[in-house]
Structures are given as C-alpha cells and as structure tokens.
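Here the structure is a predicted model, which is why all the values come from computation and not from measurement.
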Amino acid sequence: MGMATASEAGTNPDRRSLAECPEGDFGLARTIEALLFVADRALSATEIASVTGASEPEVREALGKLTEHYRTRGVILLEHRNAFRLVTAPDLAEHCRRLLGLDQRRQPSRAALETLGIVAYRGRATRAEIERVRGVDSDSALATLLARNLIREAERLDAPGRPAVFTTTDTFLAYFGLTSLDELPELDLGFAPDDSEVGPPND
Amino acid sequence: MGMATASEAGTNPDRRSLAECPEGDFGLARTIEALLFVADRALSATEIASVTGASEPEVREALGKLTEHYRTRGVILLEHRNAFRLVTAPDLAEHCRRLLGLDQRRQPSRAALETLGIVAYRGRATRAEIERVRGVDSDSALATLLARNLIREAERLDAPGRPAVFTTTDTFLAYFGLTSLDELPELDLGFAPDDSEVGPPND
Amino acid sequence: MSTTWGPAGQASALTGFEIDVGDFEGPLDLLVRLIEQQGLDITGVSVLAVTDQFVTYAHHLHDRFAEAASEFLLVASRLALLKSRALLPQQESDDDEETAEDLAERLRVYAAFKTVALDLDERLRAGQSSFIRVAQPDLPHPTPEPGAGDLARLLKALERLTQVDTPVESIVEAPTRRFRVADKVRELRVLLESCGTVAFDAIAVDCADRAELIATFVAVLHLVRQRAATVEQSGPFGSIMLKSTDGHGDG
C-alpha cells in the first residue's frame, strides 16, 4: 500500500537523540553549525552570540571545536576578519565546479545551447516556455547557464509560484562576440525575407 | 555529554570515526559532502557517481556513512525519493528563523494539508485523483502547495487535457522537519490492505 | 463509533450537530447508519431539510466551519446517493451496488487522509523545520571568456531543435509534411484579427506533429518580434496567451 514503510511510527530515533542532547557545548556547536550553514554571509561571534543567547566566549570556544572538527572534512570552517563561514575544501573545487557546470573551458552542452538560443531569440522566457519548446525538462540547463552568467533572472511573474523570467546577459554578448542582440544572425527558421506579410518591423 | 546518546546508533559522531575510515572511503565521503554543500538541489547517487567518477554502490555506501555521521549534527542529510540534500536539523528551526529574520510561517489550510498527504502517500497523483479522495475541488489547495514548492509537476499524462501529475519535493520533507518519507506515519486506511485500491500508482 | 466519518480519535467537526427530519431526531451520522443498516426509509428524509439545518448549525461554528462543511458534504452526498437509489427504478443494480461500495470505501480513504493532515498539522505546530542552504557556492565563478563562444554551434543547436533543413528555403521540414513559418504567421495573424487573444495550447492542439508545433511556435516568436502580438502566461502551468497588439507592426 501507499507508503506504509514507517516501521517505527511514533518513535523517531533521530529526533529523540537530538532532543536528548544536553544544552552543553555540543548543543551550542551544532546550533552554530546550522546557523553557519544557512547564513548567506560570514557571521561574527557577536552575531552568533546574539542569535543563540550564548556568551561570546562560549561561542568562540564552540567555533574552535567546529574548526577542529571540520579540519579534515569536505567542508571547512574559515575565519576571515573575525567572521566565520563554511566553505568547501579547496582541494575539492574541481569536483564542485564539475557539478555546477562551472568548468570554464567546457563548451555549453547542446541542451544549454538550445535553452540559451530560445532565451536569446525570445528576448525573455520562463522555464515553462522553454520546456514547452524543447519538450524536455530544462532545469539543469538553466542552472548551468545561470552559473556561467550567460543568462540572468530579469524578473518574477506575478503569478502562482512566481516563475522567473530569464534574459541574456552582457557576458552572453561578449562570449559570442556580439555587441547587441540585434547582431544575432537573422535565424530565419523559416521566415521568408521577401514575404510582404513578414517584412521588417516598422516601429 | 551529548556524545553519549549517539552511541545508541552505534556510531561516534566525532571526526575520529571518519578519520579512521580507509583512505579511499573517507576521500569519497568528503567529496560528496562538498558536492552536497554547494548543490542547490537534491542530488541522486547517479549524479554524484558521474561527477566523482566513483561507482554507484560506492557512492551509496559513502552516503550511508554521511547520513550516520550527520545524524546528531546541526546539519543533517535528508533523503527524498533517492535524492540527497543537506539541511539544518529540524530542532534548530527557531535559531535559523531568528538568524534569517523569518516570521513563524503561515500554517497551510487543512485542505492543503489533506491534498499534500494524498500526494505524499500516493507518490504521485493527478488533480482528478486527489478530488476523488477529497470529494471537493482542490484547485486552490494545489496552487498553494505549488507556490510553496511543497509539490511539483512531475509530468503530464498522455491523456485528454494532458493532466499534470504531482509529486512531493524535498522541500516538503524539510518543511515538516522530516529526513525521509519513511518517517511519515503509517497510513491507516481502516481496512485490510488487500481490499485496498489505494496502492501506489502502477505507472 | 460515535462518528463514522471523523478521523480516528478526533472529535468530528459535526459533533453536536443534530437534525430533526420526519421520523428521525439526532446526529446526522446516526441517521445515515440507520438508513444503511436498519433499513430506515430514506424516501421520507428531505436532504434539503438536512442541508438547511446544517447551514443554520454551521453559522455558529466560526473557525471549524470549513472542516464541518467538508464533513457534511461527504455525508450529504452519501444521503443523496442513498435517496436516489431508493427513488430511481433499479435498472443496473450491479452497477449501483458497486457505486455504493465505492463511495463507502472513498469515505474510509478520506478519513485516513484526514488523519494524515492532522499529523502534518501537528508537526508544523511543533515548529520543527529544516532549512536549505541558499548562499551561492563560494567558488570563483569563471566568467566565460569573451569571444570563446561558438555562434555556429548555438545556431546549429537551434536549427536541430527546429529541424530546419535549409535556412535558405525557409522551411521547417517534417518527414511527411512541410510547414512554412510564413504560412503559420499568416494563419496566426488571421486568428488574432478575429479573436484578439488566443491560447497557445489551443493552437498547439491543432498541430499535427512536432514539426508543425515548432513552426507555429517560431511563428509566435516572429509575431512577438514584429510587435504584432504579445505573450502572457498566467502561472507556472498556465496557458500562454497570445494577444494581438492591434495594428502595431502590421506590415
């Protein structure tokens, strides 16, 4: 039946062990760990102290323990100008780049190029629109293009889910040696130039 | 000592346990840790294998170790339909909210929760299927859930009107402080399972 | 067993709602049980009267109104079904039997999912929730090198997407049919002129295959570039609406 795989309904071992953790050093360290994880900037000991309610010396001690803990991990704790943040270990940067499609020399995939082309020729497009044309999920293609700064989010539609509208960037133009989108070859996917009905725009 | 409880699970969350791992395994685990940290989505074992060059069984084993390791930490490893994502421990929500300046969220309506439950337990469901169970129009409940990214459109059926098939997202788990769908309580349909017509969809 | 349709262990929002119709006075679910199990004659029960009394009752419910209303709708629909079966000549009794059982099962399934909803609700009230990381990865973003892009590859990708055989001939080719984008543009213009607004889905439905769909889509792009039309989408899965800009760019 449906999903009735929960063997221990009601007794969740994870939650219990967490709840049973005394509010000692370990409790503070794991709170700080969570804060550093969600923060979108480096956090100072002062700031952490004010959020956690712990004293600054306690926070510093816990940060020291975390730094030690993370020393050999894939994620490390960095301190810069008295502010702390979690970053990936430097030796793993290549793997991370590969995951994020950040490899500079790599040519965009066909999926990425198709997506890019649709955004460029349409001027702006949502994910749904792109997927309608391509007929396939285009999430990762979009993620790659965003990460490479070839497209950007122009705005969000005032509609359920607030879908993002993508547009090309200056980096896109530079990458293809263009100075404006008008220089894109008239990709006449079937526009007959001499057809009176589809002549040049008269604006 | 917070560590004491962790021995119940048969693991020492201390970094020493990872340091004692054979060189190779530990290397893979920390690479995966870094990838999960930078990823802006849940990663499947397949995807991780392709980025790291390790085999899928190796990746799965390393993911198992990481899950164990993170069990008592401030950051935990969440699994949703075979995809993995690092998130903060559910019990630290209040601290995270305070840091991020988030208000206590608005509670979804009962209608939205019923709809969400149906999608979660069935795995995937169309609007028509949901409405058959609930007996009432569920359009606005679905819109709310989509807007909050608790469900997403998995595909469209090749049937008249091309109805959308909805499935839960990993955000759904995080939102309810679950680490996997197995933590959902057993669905009590009040009759013997062999009478049931509410099994998993046979797609 | 005080309520048949409420979730297990949870007071029904209809608790306390008593009706008075004809021969019966008491809770609604008891009425249904009497009809089903004891053979009470439903033809003497007015569903309208029951509904009327519910409306009066629900007036004072305030915060549990929605809950009570959804429970009531289920019970009332059951009553209506029972009554229709009693009143209508039994033509396809087998089918009728199935329908009644289906409905009973549906009610049980629904009750189970109500319990699920309660559990989810409880979790939320407990305030526990996980947060994802939103910060941009702290990796140097290599900016694509200026000039390194291959425009030919970009065009080729698009060309393949649209299955253009030769750009010179300006034709999107399908194995069996060919579509001139210019023809599609003309068709769309005519359509827009008469309707003003057209849903892309509605046009797409008429497309025989992918090639025609692509030709149509390219035609839409063309009209937008010509400022002869604008496109709007109401939501993530909403229809793409093509709107005439009336006169602008009308060649």
Side-chain angles (χ1 to χ4, degrees), chain A residues 1-10 12-27 29-40 43 47-48 50-53 68-75 86-89 92-93 95-96 98-100 139-140 143 160-162, chain B residues 1-3 5-6 8-9 14-15 18-19 26 29-41 43 47 51-52 71-76 86-92 95-96 98-100 120-123 143 146-147 149 177 179 181-187 189 193 196 198-200:
Chain A
M1 48 196 306
M3 256 253 352
T5 39
S7 47
E8 318 126 302
N12 178 342
D14 305 20
R15 206 170 297 221
R16 206 179 35 196
S17 66
L18 288 179
E20 280 169 11
C21 276
E23 278 296 314
D25 285 352
F26 185 51
R30 61 188 284 282
T31 304
I32 296 175
E33 195 173 24
L35 295 179
L36 291 169
F37 180 83
V38 291
D40 54 0
L43 299 178
E47 199 171 355
I48 294 170
S50 94
V51 171
T52 58
E68 195 52 42
H69 168 82
Y70 276 112
R71 197 176 293 288
T72 55
R73 311 296 312 255
V75 175
L86 293 171
V87 298
T88 52
L92 300 173
H95 285 111
C96 296
R98 206 173 311 146
L99 177 78
L100 299 171
D139 242 5
S140 78
R162 304 203 35 81
Chain B
M1 271 302 279
M3 303 294 184
T5 49
E8 281 177 5
D14 195 308
R15 80 197 145 88
L18 276 185
F26 183 45
R30 63 187 283 279
T31 305
I32 295 175
E33 195 172 25
L35 293 178
L36 291 168
F37 183 80
V38 292
D40 56 359
R41 62 187 187 281
L43 299 180
E47 199 171 356
V51 171
T52 57
R71 208 174 279 286
T72 54
R73 312 286 320 194
V75 174
I76 60 171
L86 288 175
V87 296
T88 60
D91 65 313
L92 300 172
H95 290 110
C96 295
R98 208 174 310 143
L99 177 79
L100 299 170
Y121 278 86
R122 294 201 59 144
L146 282 167
N149 192 28
T179 57
L181 287 170
D182 294 347
E183 286 180 19
L184 284 172
E186 196 156 346
L187 181 60
L189 284 172
S196 165
V198 191

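- With salt bridges taken as basic N to acidic carboxylate O contacts below 4.0 Å, none links B/Glu33 and B/Arg30.
- Proximity to chain A is limited to the side chain of B/Leu92, based on heavy atoms less than 4.5 angstrom apart.
- Both the backbone and the side chain of B/Leu35 come within less than 4.5 Å of a heavy atom in chain A.
- Shortest non-hydrogen contact noted between A/Phe37 and B/Leu86 is CZ-O, 3.3 Å.
- Distance check, rounded to the nearest 0.5 Å: CG of A/Asp40 to CG of B/Leu99 gives 8.5 Å.
- Heavy atoms closer than 4.5 Å to chain B are found in the side chain of A/Leu43, but not in its backbone.
- Shortest non-hydrogen contact noted between B/Leu184 and B/Ala120 is CD1-CB, 4.1 Å.
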